[in-house]
Amino acid sequence: MEILGRNEGPAMQKTVGAKRRLELGESGHQYLAEGLKTPKGKGRAATRSPDSPKTPKSPSEKTRYDTSLGLLTKKFIQLLSQSPDGVLDLNRAAEVLKVQKRRIYDITNVLEGIHLIKKKSKNNIQWMGCSLSEDGGMMAQRQGLTKEVTELTQEEKKLDELIQSCTLDLKLLTEDSENQRYPFCQNLN
């Protein structure tokens, strides 16, 4: 960038922009902004081509979903839940899940950051979150509590109806002119 009018104040200075080219080593490749296009968004209605990331070209090729970090994390947690003491060797996990060890580190860094696991030793981590094996027990407990809430709601409804019925009976009893001669009915009005 070149500045013209150096003797003038900051408000009077003019700049002349120049296109810059980024030299990428000795290969002679240059970066030009005009040649770039933005990728098409997910919001566009596009038909899936046979070369889509969801459909592999050959049986041995994996889809983007198959190699996603989300799916790998689910498999990692499942592997961790199979460990009796909650301790998992990361080398073994990489072998069993058939992924590079750095992908395992991606997962463990996040889980360690949110305090679900901790490093036990160099290649061993330990689960610190809630019990992984009690998912069925938690579901049964939730169903039991839901049933109890339903029963209590029905009981409350019956009691409300009984209160309304008693209130109506008491009102009719006190408004009856024949009952007005009794002292207990006179004080209720």
Side-chain angles (χ1 to χ4, degrees), residues 22-161:
L22 180 62
E23 297 292 332
L24 299 175
E26 298 176 30
S27 63
H29 294 287
Q30 294 178 339
Y31 169 77
L32 292 175
E34 296 86 37
L36 297 178
K37 293 183 180 180
T38 56
K40 293 183 178 168
K42 291 181 180 180
R44 296 187 183 193
T47 57
R48 288 209 183 270
S49 67
D51 298 334
S52 169
K54 289 282 185 188
T55 52
K57 294 177 185 175
S58 67
S60 63
E61 188 176 332
K62 294 184 177 183
T63 64
R64 283 186 69 164
Y65 176 73
D66 292 337
T67 59
S68 72
L69 202 54
L71 181 64
L72 184 58
T73 302
K74 288 178 184 178
K75 291 177 181 178
F76 180 81
I77 296 295
Q78 188 177 26
L79 186 64
L80 188 57
S81 69
Q82 293 170 357
S83 171
D85 53 354
V87 177
L88 182 64
D89 178 23
L90 300 181
N91 291 324
R92 181 179 170 270
E95 288 173 17
V96 170
L97 298 173
K98 298 175 185 161
V99 293
Q100 295 175 354
K101 200 168 175 186
R102 73 173 172 81
R103 299 275 285 166
I104 300 294
Y105 286 144
D106 290 341
I107 295 168
T108 58
N109 286 338
V110 172
L111 294 176
E112 192 173 8
I114 57 175
H115 305 291
L116 288 178
I117 62 170
K118 72 174 183 178
K119 268 192 170 176
K120 193 86 168 154
S121 63
K122 184 179 178 187
N123 282 317
N124 291 309
I125 53 99
Q126 182 173 19
W127 180 255
M128 300 300 295
C130 62
S131 176
L132 293 171
S133 61
E134 292 182 7
D135 286 340
M138 295 292 280
M139 185 62 96
Q141 182 182 8
R142 181 179 175 196
Q143 289 172 344
L145 289 173
T146 303
K147 182 180 177 185
E148 184 179 354
V149 166
T150 303
E151 291 170 356
L152 288 172
T153 303
Q154 291 172 350
E155 185 73 24
E156 181 184 23
K157 186 177 177 181
K158 288 177 186 177
L159 290 172
D160 285 341
E161 289 171 358

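What you see below is based on every heavy atom in this structure, not just the backbone, and it leaves out hydrogens, waters and symmetry mates. All values derive from a computational prediction rather than experimental measurement.
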Sorted by chain and residue number, the side chain to side chain donor-acceptor pair (under 3.5 Å) partners of Ser68 (sequence neighbours excluded) come out as none

Rounded to the nearest 0.5 angstrom, the NZ-CD1 distance for Lys119 and Ile125 is 10.5 Å

Rounded to the nearest 0.5 Å, the CZ atom of Arg92 sits from the OG atom of Ser83 at a distance of 8.0 Å

### Task
Quick one: do Phe76 and Leu71 satisfy side-chain contact (heavy atoms from CB on, under 4.5 Å)? Show the steps, please.
CA-CA 9 Å; Phe76 180 81; Leu71 181 64; over 6 Å; no

dist Leu80:CG -> Thr73:OG1 (nearest 0.5 Å) comes out at 11.5 Å

Those residues at least two apart in sequence (or on a different chain) that pass side chain to side chain contact (heavy atoms under 4.5 Å, CB included) with Leu116 are Leu111, Ile114, Trp127

Across all chains, not counting sequence neighbours, the side chain to side chain donor-acceptor pair (under 3.5 Å) partners of Asn124 are Ser121

Residues passing the side chain to side chain contact (heavy atoms under 4.5 Å, CB included) test with Glu148, sequence neighbours excluded, are Leu145, Leu152

Rounded to the nearest 0.5 angstrom, the OG1-CD distance for Thr150 and Glu155 is 13.0 Å

In this structure, CD1 of Ile107 is separated from NZ of Lys74 (nearest 0.5 Å) by 12.0 Å

Closest non-hydrogen atoms of Leu88 and Ala93, given as atom of the first, atom of the second and distance, are CD2-CB, 4.0 Å

Residue set satisfying side chain to side chain donor-acceptor pair (under 3.5 Å) with Thr153, at least two apart, ordered chain then number -> none

For residues 96-116, the side chain to side chain donor-acceptor pair (under 3.5 Å) pairs (sequence neighbours left out) are Asn91-Lys101, Gln100-Arg102, Lys101-Tyr105, Lys101-Asn123

Here the gap from Lys118 atom NZ to Met128 atom CE, rounded to the nearest 0.5 Å, amounts to 4.5 Å

